[in-house]
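Below is one structure, written out as structure tokens, with a few remarks after it.
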Amino acid sequence: MSRTLKEAKDSVISEINELFNNSDFPKLPIDENPIQGDLSVICFPGARSLNKSAEEVAYDVSLLVSNINFVKSTFIVKAFCNIILDWDALVINVYNDIKDINYGRGIPKKESILVEHTSANATGPFHMGRARNPIIGDSISRLLKYDGYNVSTEYYVNDTGRQAATVAFGIKNYKGGSSEKEDHRLVECYRQASEELKANVEVKSKIYEKMELIEGGDKEALDEVKKAAKLMLSGMQYSLKRLNAEADSYFHESDLIQDGSVTRVIDSLKKSDICVEEEGAFYLDLSDKNIAGRNQKFFFTRNNGLSLYTTRDIAYHLNKFERYSNSLNVLGEDHKLQSNLLNIALEELGSSKPDNLFYSFVNLPGGKMSTRAGRVVYLDDMMDQIVQASFERLKDVEMSPEQKILLSEKIGIGSLRYNIIKVQPEKGFTFNIDDALSIQGDSAPFAMYSHARMSSILRKYGREVPELVIDGNLFESEINLMRVMSKWPDLVRSSSDKLAIHKIPNYIHQLSSQFNNFYRDCKVIGDVNESLRINLVCLSKRILFDALDIIGIEAPERM
RNA sequence: GGGCCUGUAGCCUAGCCUGGAAGGGCGUCUGGCUUCUAACCAGAAGAUCCAGGGUUCGAAUCCCUGCAGGCCCGCCA
């Protein structure tokens, strides 16, 4: 909340409590962010001890508080005594709080955070099933940065194991598809190799031999598989770039084998009290760890002594904590158990543990998205469609075709991001293309349009934003706009603390919506309160710009 | 068999942590562009907050028991 507003509310609250103390009233709860007004005294609990109806108590309270400093008026709804503050007195100071260049931003923090997101296996183009990952990951990184943390993002490239060996084999031995985009072209190689792997014993043994070489640390094999993954990834990276969700760095799993850190992890884990050997393979005994399921053994080596996926992930996390103080992983809900195992191992090794943000998969209407069943929507195709739909919406707008192409790209990608971010990650999400293409209401274009309106007013005004002077009474919609703007810092804080990125689009919609009400009620240019209103437009524009930027959407000047 | 997550109008969703007035959006119906951008605004209709029990002055929110859906339980990744 803006500091001034917070102080005013605190002062009113403490005066109310003092009045309660000095009278027959019990101490009644006060809602600091009520549905209506600025504060609300909840009068239900007083009814019994005062032997009155709750409504009567509310009436008494309204008389009691009406002379308090900063209280302009009260009104009663049921047993809620709602209080409206004297905004005419507060507005200048609240405005000055919001005008601060760092308004909403968190104070710079010492902690550095590595956000690992996406990390999809480099076997082919991204599909929509896991589309929440880069979008949530990128947005949460931006949010944490805005809140003052040092943040980097990283993509973990799983370039060892069977799939990676299959990709490398496929690229080497088969002809790719005809697409110009590398991942779409090479996925054909992978497909053929996968089929041969199932059908042809010779191919299978070749791939498995390669796999063993890789895990055993054979330099040539590791180089080959890393190179293949990079090639596939070069196409996939283009998709991330288009989504505005490129990672800052890419970390190859193969490097962990190559530099010996996986071996070191295995050696250390073998010293754990809960480590047990079974026919040459080693596991941690989870019986006392209360993570249940049929299997209570967490194997970290095969019987040939080589590592498993989670073993290498342990090495990766130790590496992360050498570079950063904190680690946050954005993972699909299918990784929950794996992440528990990882944490147990890290604890055994005395290491810090990562925070996790899990999301539920995206489904298609009618069922699960599945590569095997051919029910797949590619992220690239989705981006094409939504950008195309946005382009068509621009047909009546006066703008050069080049500008329209650029703008529809922003609108389309923004809509996709907004649509995905606005739902809590743990909730199931059925991806309905018509909903995604319907871009009005609580959506990116609504916010972008509001931003363009703000820009348009400032453009038309055409001068420096003036000093704030208030020449007339405030309108309700001006106060409401300031109320929403006042919430921004708390919203950022709570969203960042809880990793609740969906709160940002929620706020964006509130702010845009409130701005549109202001726009309806208040003529800006030429009004007696022109200076105040220009300033309000300017401040709401900055907050809206920041909020959109947090979820990776560029706010346009026109649309 | 076990663990975790989800269940809010025809559809999508916020609120759940920290109990107090069920918010938005889509769709439907009605009205509003000669006025700083109508991708906008106003109004209407639409909710057994999955079910049942408990705690409480008060439960969508906390606790218990069910039901339904998702994810997981490999010397795969």
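Residue numbers start from 1 in every chain, and the chains themselves are labelled A, B, ... in the order their sequence lines are given, proteins ahead of strands. Because the structure is predicted, anything quoted here is derived from the model rather than measured.
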Check your understanding: Reckon A:R453 has a side-chain N or O less than 4.0 Å from the OP1 or OP2 of B:A38?
Key -> yes

Point to revise | Test item: A:D527 side-chain N/O and A:N529 main-chain N/O as donor-acceptor pair under 3.5 Å | key: yes

Study note, to complete from the structure: Result for 5'-nearest mapping on RNA chain B, choosing between A:E215 and A:M559, is A:M559

Exercise for review: Select one nucleotide: of B:C75, B:A77, B:A39, the one nearest the side-chain heavy atoms of A:Y309.
Suggested key: B:A77

Review point. Using a cut-off of 4.0 Å on non-hydrogen atoms, how would the nucleic acid contact of A:K523 be classed: base, sugar-phosphate, or nothing?
Key: base

Review point. Given the C1' atoms of B:A47 and B:A22, what is the spacing between them in whole Å?
Key: 8 Å

Exercise for review: Just name whichever nucleotide pairs with B:C71, Watson-Crick or G-U, keeping both distances under 3.5 Å, else none.
Suggested key: B:G3

Check your understanding: Who are the side-chain contact (heavy atoms from CB on, under 4.5 Å) partners of A:N535, not counting sequence neighbours?
Key -> A:Y95, A:V465, A:P466, A:L468, A:S531

Point to revise | Results of side-chain contact (heavy atoms from CB on, under 4.5 Å) for A:S194 - residues two or more places apart only | key: A:T166, A:Y190

Review point. How far, in whole Å, is B:U30 from B:C72 if one measures between their P atoms?
Key: 48 Å

Practice item. List in chain and number order the residues that pass ring pair (Phe, Tyr, Trp, His ring centres under 6.0 Å) with A:F300, two or more places apart in sequence or in another chain; answer none if no residue qualifies. Key: none

Study note, to complete from the structure: ring-ring contact (aromatic ring centres under 6.0 Å, His included) pairs touching residues 36-61 of chain A, sequence neighbours excluded, are A:F44-A:F80

Check your understanding: Which whole number of Å gives the distance between the P atom of B:C16 and that of B:G53?
Key -> 26 Å

**Study point:** N/O donor-acceptor pair, side chain A:K498 with base B:C17, under 3.5 angstrom
**Key:** yes

**Study point:** Qualifying residues under side-chain contact (heavy atoms from CB on, under 4.5 Å), relative to A:E392, sequence neighbours excluded
**Key:** A:Q388

Practice item. Provide the distance between the two C1' atoms, one in B:G24 and one in B:U8, to the nearest whole Å. Key: 13 Å

Practice item. May I ask you to list the residues of residues 73-81 of chain A, by number, that have any heavy atom positioned under 4.0 Å from an atom of RNA chain B? Key: A:V77, A:K78, A:F80

Review point. If you look at every strand shown and take non-hydrogen atoms under 4.0 Å, does A:D334 touch a base, only sugar-phosphate, or nothing?
Key: sugar-phosphate

Exercise for review: If a protein heavy atom is under 4.0 Å from the base, mark B; if only from the sugar-phosphate, S; if neither, -; do that for nucleotides 25-31 of chain B going 5' to 3'.
Suggested key: SSS----

Check your understanding: Among the nucleotides B:A42, B:C75, B:G20, which one has an atom lying closest to any side-chain atom of A:N517?
Key -> B:A42

Check your understanding: Is the count of non-hydrogen atoms from other residues, nucleotides or ligands lying under 6.0 Å from A:R558 atom CZ greater than 12?
Key -> no

Check your understanding: Taking only N and O in the side chain of A:N295, is any of them less than 4.0 Å away from OP1 or OP2 of B:C75?
Key -> yes

Revision key, fill the gap. Separation of B:C72 atom C1' from A:N356 atom CG, nearest Å, is 15 Å

Exercise for review: Could you work out which one of B:A21, B:U37, B:C71 sits closest to the side chain of A:S456?
Suggested key: B:U37

Exercise for review: Tell me whether the OP1 or OP2 atom of B:G15 has a side-chain N or O from A:H502 closer than 4.0 Å.
Suggested key: yes

**Study point:** Sugar-phosphate only, base, or nothing, as touched by A:L306 at under 4.0 Å among non-hydrogen atoms
**Key:** nothing

Review point. When rounded to the nearest Å, what value does the distance between P atoms of B:C26 and B:A39 take?
Key: 14 Å

Exercise for review: Tell me, please, which residues at least two apart from A:F20 pass ring pair (Phe, Tyr, Trp, His ring centres under 6.0 Å).
Suggested key: A:F25

Exercise for review: Remember a base hit wins even if backbone is also touched, and classify A:Q510 as base, sugar-phosphate or nothing at under 4.0 Å, heavy atoms.
Suggested key: nothing

Practice item. Would you confirm whether A:K487, through its side chain, and A:Y507, through its main-chain N or O, come within 3.5 Å as a donor-acceptor pair? Key: no

Point to revise | B:G25 to B:C64 separation - P atoms, rounded to the nearest Å | key: 36 Å

Practice item. Ignoring backbone atoms, establish whether A:R312 has a side-chain N or O less than 4.0 Å from OP1 or OP2 of B:A77. Key: yes

Strictly under 3.5 Å: I want the nitrogen or oxygen pairs between protein and nucleotides 5-8 of chain B, one per line.
residue	atom	partner	partner atom	Å
B:C5	O4'	A:K336	NZ	3.4
B:C5	O2'	A:E426	O	3.4
B:G7	OP1	A:K427	NZ	2.8

Point to revise | Gap in Å between the two P atoms, one belonging to B:U65 and one to B:C71, rounded | key: 25 Å

Check your understanding: How are the rings of A:F361 and A:Y359 set to each other: parallel, tilted or perpendicular (split at 30° and 60°)?
Key -> perpendicular

Exercise for review: Counting heavy atoms from C-beta on, name the nucleotide in B:C36, B:G15, B:C76 closest to the side chain of A:L308.
Suggested key: B:C76

Exercise for review: Write down the distance separating the P atoms in B:G20 and B:A59, rounded off to the nearest Å.
Suggested key: 11 Å

Review point. A:Y449 has a side chain; which of B:U13, B:A21, B:A38 sits nearest to it?
Key: B:A38

Point to revise | Residue met sooner reading RNA chain B from 5', once A:P34 and A:C522 are mapped to nucleotides | key: A:P34

Practice item. When you get a sec, tell me which of B:C75, B:A39, B:C72 is the closest nucleotide to the side chain of A:L394? Key: B:A39

Study note, to complete from the structure: Paired to B:U35 by Watson-Crick or G-U wobble criteria (both distances under 3.5 Å) is none

**Study point:** Contacts of type ring pair (Phe, Tyr, Trp, His ring centres under 6.0 Å), residue A:Y449, not counting sequence neighbours
**Key:** none

Review point. When we call it a touch if two heavy atoms are under 4.0 Å apart, what does A:R48 touch: a base, just sugar-phosphate, or nothing?
Key: sugar-phosphate

Review point. Sub-3.5 Å donor-acceptor pair from the side chain of A:N133 to the main-chain atoms of A:T118, do we have one?
Key: yes

Practice item. Under 4.0 Å between any heavy atoms, over every strand shown, what does A:A452 touch: base, sugar-phosphate, or nothing? Just pick one. Key: base

**Study point:** Below 4.0 Å: OP1/OP2 of B:A77 and any side-chain N or O of A:R302
**Key:** yes

Practice item. Scan every strand shown for a Watson-Crick or G-U wobble partner of B:C57, both distances under 3.5 Å, and answer none if you come up empty. Key: B:G20

Study note, to complete from the structure: With the side chain defined as heavy atoms from C-beta on, A:H335 is closest, among B:C75, B:A77, B:G20, to B:A77

Exercise for review: Choose from B:C57, B:C41, B:A39 the nucleotide whose nearest atom is closest to any side-chain atom of A:R520.
Suggested key: B:C41

Exercise for review: Quick one: list whatever passes ring pair (Phe, Tyr, Trp, His ring centres under 6.0 Å) with A:F299, sequence neighbours left out.
Suggested key: A:Y283

Check your understanding: What residues, two or more places apart in sequence or in another chain, satisfy salt bridge (Lys or Arg N to Asp or Glu O under 4.0 Å) together with A:K523?
Key -> none

Review point. If you look at every strand shown and take non-hydrogen atoms under 4.0 Å, does A:Y461 touch a base, only sugar-phosphate, or nothing?
Key: nothing

Revision key, fill the gap. Rounded to whole Å, CD1 of A:I35 lies from C1' of B:A21 at a distance of 4 Å

Review point. Among B:C72, B:A39, B:G20, which is the nearest nucleotide to the side chain of A:F44?
Key: B:G20

Review point. According to the interplanar angle, ranging from 0 to 90°, do the rings of A:Y309 and A:H335 count as parallel (below 30°), tilted (30 to 60°) or perpendicular (above 60°)?
Key: perpendicular

